[in-house]
Amino acid sequence: MPGAWTLVWSELRAAVAAALDAAGFATPERLARLDFAIPRDPSHGDWTTNFCMLVAKEAGQSPRAIADAIVKHFPADHPMIGAVEVAGAGFLNFRYRDSFTASLPARILAAGEAFGRSDFGAGEKIIVEFVSANPTGPMNIVSARAAAVGAAIVSVLNAAGWQAASEFYVNDAGNQVDLLGASLKARFRARIGEDGTLPEGGYQGEYLATLAAELPEAEARAALASDDAAWWRAQALERMIAWQQRDLARYGVTFDRWFRESELHLSGAVDETKRALDQRGVTYLSVKPLGVSEAAQARVDSEEGASAGDAPATWLKTHDQGDDMDRVIVRADGRPTYLLPDIAYHRDKRDRGFRRAINLWGPDHHAYVTTLTSALKALGLEDDFLKVQIVQYVKLMQGDEEVKMSKRLGQFETLADLVEEVGSDCARFFFLQLSSNAHLKFDMEKAKERSDKNPAFYVQYAHARCCSLARKGAERGLTAETGDSAPLTAAEEVALVRKLSTFPEVVRGAAAAREPHRVPTYLMELSAELHRYYHNCPVLKAEPAVARHRLRVHDAARQVLSNGLALMGVSAPERLDREEEAEA
RNA sequence: GCGCCCGUAGCUCAAUGGAUAGAGCGUCAGCCUCCGGAGCUGAAGGUUACAGGUUCGAUUCCUGUCGGGCGCACCA
């Protein structure tokens, strides 16, 4: 199958494992440590492994002796690898055959949009929950970061062979939604000239006035007359969710499912979860927690406010599972705390067949990570079922000044503002460049500049340049080479093609580590290689055979840039309008 | 007080425990009779906060110190 691309990593691993077996050196423990990486320095080959050094001590042999054994049993006629060398302290370096390297552009183009995809994840079902902002206001800039990162994680997982689904959890069951409804009601009253005083702790944002203006007036007046709190609640909730969905859609982020907390209450899943916990014997009735770490004990003793009088609540034994103290799941008055539906929600995820769950949370919830994972262990889910990743704050800067955000005060930079001012391509590229658990300073002034200071353009420009070259070539009757490839000669060409070939490995690594920022990092490096090649190896001015060969290399680069940007949710335009021309 | 995250070039940030720690921006010096100069080439810029430890090897893992951020409710 000409379109198929097999991970070189997999091929290499199989070949070396076979060599180890032939040498009588293979054990399951050793094979588990067999991994390959792409060396930074090209002089170290196309692939390298540190395996020999890792197992030398345990095997009682020198790294070199092990390396020699592998070299001896490695197939001399391997279709990809032409040379295996022992280097340094015991590295084993692998080099592609020239014929294989030369065939790479054609292979990449044959794979097309599928280049970069692999079956590494073996179809494991995984659910990625992100943003999950409360439906009490428009999307803010932290949600924008989480949305970009979450969507990219889903993309790279699916590309690398997992079956990943995206989900947005809507907290629509809490009293905050009641408060939101009451706030909307006040805004409506203000609009029709009545007393529009907001309720205690109500939401002050202007967006509620906007929503109030959109309400069907007759219905709203009727709800006001009959004091129908449920109507206000439902109106506020549904309109707020629709707003969030609209903002996210404009940003290019959609979810496979918007899961509502209320579903869990209505279906009885919350009660069922409570019973399941009771049956496992991990709950108890008490006024104070029984399982408490030493450090938390002082807090329990000092805070009388924590308990509602002397009535006993239902506690969950999370302390046994690593939490610093047990947690209440049902209050003394019989209402569940937020923890119980959260447990029910993750139980539901597992029941839907997901083997793993990834949650992206804001840093204000990081203390809750241990509590929830402990609770899920108490429920009996696999220890590695839930993995919470913290997406750190975005510090929004206007030049040197920090812009403070507060949803309740209605003072924040929204996702919609960001998309309008910066564009979703720049915003998403910007967010994805950084590892998600690092703090991020987002300078609006700088991001707004449509100039060479904006890194997103660098990659898009590289793509547009490839497209332009193909167009110009076609005008002159030059099309990309097909069939067998001429050998690669120029150093810039070898470097570029080598870089192109590593894309599937980058995607695999990004998916396995759930680190989508590796993709833009790679695309920046690739673009630099491409620009170097372009400057040093003229295409259309070369003799036709060379020109057609270089056109194919550029086309392969275009394909990889396009595939990479697609994973990021960033567009790959075939042309970029130039600012100078636009102004002229 | 306890816990989590972070500390890498002037700034923003990279670097599955690997070989000489890299980009972008900024600064300085060059490159358009030429396929898109939103580009390329070169220079300067580092005790990876500090001190120990683990090992063939540490920016990466462990302990401590310092500095910054965040969190510690029968709120979500």
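Protein chains get the first letters and strands the later ones, always in sequence-line order, with residue 1 at the start of each.
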Report summary line: By ring pair (Phe, Tyr, Trp, His ring centres under 6.0 Å), A:His554 pairs with (sequence neighbours left out) A:Tyr533
Report task. Could you pull out all residues at least two apart from A:Tyr345 that satisfy ring pair (Phe, Tyr, Trp, His ring centres under 6.0 Å)? Result -> A:Tyr169, A:Phe259
Query raised in the report: Partners of A:Phe94 by ring pair (Phe, Tyr, Trp, His ring centres under 6.0 Å), sequence neighbours excluded?
Result: A:Phe36, A:Phe74
Just the atom pairs and distances: protein N or O near nucleotides 9-12 of chain B's N or O, under 3.5 Å.
from  : atom 1 : to       : atom 2 : distance (Å)
B:U12 : OP1    : A:Lys441 : NZ     : 3.0

Query - Dot-bracket line, read 5' to 3' along RNA chain B, where crossing pairs take [ ] and | marks a partner on another strand, Watson-Crick or G-U under 3.5 Å - result: (((((((..((((....[...)))).(((((.......))))).....(((((..]....))))))))))))....
Report task. Among residues two or more places apart or on two chains, list those pairs meeting side-chain hydrogen bond (donor to acceptor under 3.5 Å, both in side chains) that have a residue in residues 515-527 of chain A. Result -> A:Lys499-A:Glu525, A:Glu515-A:Arg518
Report summary line: For A:Asp320, the side-chain hydrogen bond (donor to acceptor under 3.5 Å, both in side chains) test, sequence neighbours excluded, returns none
Requested in this report: For A:Phe51, enumerate each residue passing the ring pair (Phe, Tyr, Trp, His ring centres under 6.0 Å) test, keeping only those at least two apart in sequence or located in another chain.
Outcome: none
Report task. May I ask you to list the residues of residues 35-47 of chain A, by number, that have any heavy atom positioned under 4.0 Å from an atom of RNA chain B? Result -> A:Asp35, A:Ala37, A:Arg40, A:His44
Report task. Kindly say whether, by distance alone, the side chain of A:Asp364 makes a donor-acceptor pair under 3.5 Å with the base of B:G71? Result -> no
Report summary line: Applying side-chain hydrogen bond (donor to acceptor under 3.5 Å, both in side chains) to A:His531 and not counting sequence neighbours gives A:Arg465
**Report entry** Near-strand residues of residues 531-539 of chain A, defined as heavy-atom separation under 4.0 angstrom from RNA chain B
**Finding:** A:His531, A:Arg532, A:Tyr534, A:His535, A:Cys537, A:Pro538, A:Val539
Check residues 534-545 of chain A and write down every donor-acceptor pair under 3.5 Å in which the side-chain atom is one partner and the other belongs to a residue at least two apart or another chain.
from     : atom 1 : to       : atom 2 : distance (Å)
A:Asn536 : ND2    : A:Glu492 : OE2    : 3.3
A:Asn536 : ND2    : A:Arg532 : O      : 3.0

